[in-house]
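The structure under discussion appears below in the form of structure tokens.
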Amino acid sequence: MKKNRIRLFKPALSNEEILEIKKVFSRSWVGFGPKVKYFESMWQNYFKVKYAVGVNSCTAALHTALAVNKFKKGKKVLVPAISFSASAAVVVYCGLTPVFVDINKDDLNMNFEDLKNKFSKDCVAVIPVHFGGHPCKMEKIVPWAKKNKLIVIEDCAETCGGDYKGKKLGTWGDYGCFSFEEKKIMTTGDGGMIVTNNVKRAKNLRSFSFHGWDKDPLLRHKKSLSKSKKIINHWDYDIKELGYKYNMNDLMASIGISQFRKINWLNNSRTQLIKIYLHQLKKCKNLKFTFPYNLKNASYWMLSIRCKKRDALIKYLRKKGIASSVHLKPLPLLTVYKKYKSKIPNALRIWKELVSLPLFPELKKTEVKYVTDVVKNFDNNFGKY
Ligand SMILES: Cc1ncc(COP(=O)(O)O)c(C=O)c1O
């Protein structure tokens, strides 16, 4: 087979993105502007939400969504034991304490029973992460969280446009946070989006992510151009509460607009490739799939398998020119989170078996076939490793 290395992830970028970027260049307006607003309106329509706020990463989205609630310092936030570090970092940014919840045995999402066990009266929010694009059990988490007066912030960094029980992921909780980092379902290089249905929340999200300004910078600018005789101090604003420089800009939005037009294709391509993986690897005796892939209206980002000889498999794949990785080490094992020690037996056992295999929209079927042949060969000779 080919000698080129097969990448793990690759953004699907084409001339369509370049054309959108050119439009922004020709206007010489690359900062916060009408393209961001247009991109946000596309999200509102697609997700059927009232408000969407573009930001410069999902980390910024999660931080903003948590911070605008102004929880008392020292309160607790429930976070899954396996996630990307940002899901927990934003809790610490806000002066709050992460409480790590163990994961399910058959996927990497927070375990509902352990969520209830780890809950205490100091908890103020929960951050369910749809890890790898696999939906959390939102039909259980949301009513339980509401009963216990917890804010629900969905971390949708690894999914975009997927349905769960007929409802889009990201619209189950109080806030949905998305990532457009280069490897994700869709990309703007780096970027993110927050969706919500509450007007007050949306206003606070906008302000917090734009230095804390009390006025929308684009509306202010538009007013300054209006023909009204009334003198408008378009330059005037107040900052009542400190915010951050987290906003999206028109350059990012132009790429996002083009990527979002292809969202169904981005998701369907991954789904088709996952089907091949599922079919080809179903007879492997020493491997299993990390998620019970449910591919109907899905938005999976990751192809993940579990193998007891994980490191040997990764070495073998590397030798055969196939990139792979481990998503992810449990957060309480990272030095900065060790002090938030928690009982997480499933996470500590399962992460040692995790291997992610190549998955991206333009991955060729022949390449998937090559990867699965290599994996099957490893499985057939398992005793040797
Ligand atoms: C689950 C999860 N949450 C949050 C993030 C952070 O996203 P971003 O890089 O856009 O800040 C990531 C990115 O890898 C992620 O996987």
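None of these values were measured; they are calculated from a predicted model. Remember, it's 1-based here, ligands and their atoms both numbered in the order they're listed.
- Atom CG of L62 and atom CD1 of I153 lie 7.0 Å apart (nearest 0.5 Å).
- Geometrically, K118 does not engage F100 in a cation-pi contact defined by less than 6.0 Å to the ring centre and at most 45° from the axis.
- Note that OH of Y385 is 14.5 Å distant from CG of D311, once rounded to the nearest 0.5 Å.
- A ring-centre distance under 6.0 Å is found for Y316 and F378.
- A donor-acceptor pair shorter than 3.5 Å can be found between the side chains of H63 and Y246.
- Under the 4.5 Å side-chain contact rule for hydrophobic residues, I350 and Y293 share a cluster.
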Please tabulate, line by line, the atom pairs linking an N/O of ligand 1 to a protein N/O at a distance below 3.5 Å, with the distance in Å to 0.1, or answer 'none'.
from     : atom 1 : to   : atom 2 : distance (Å)
ligand 1 : 3 (N)  : D155 : OD1    : 3.2
ligand 1 : 3 (N)  : D155 : OD2    : 2.8
ligand 1 : 10 (O) : C58  : N      : 2.9
ligand 1 : 10 (O) : S179 : OG     : 2.7
ligand 1 : 11 (O) : C58  : N      : 3.3
ligand 1 : 11 (O) : T59  : N      : 2.9
ligand 1 : 11 (O) : T59  : OG1    : 2.5
ligand 1 : 14 (O) : K184 : NZ     : 2.7
ligand 1 : 16 (O) : E158 : OE2    : 2.6

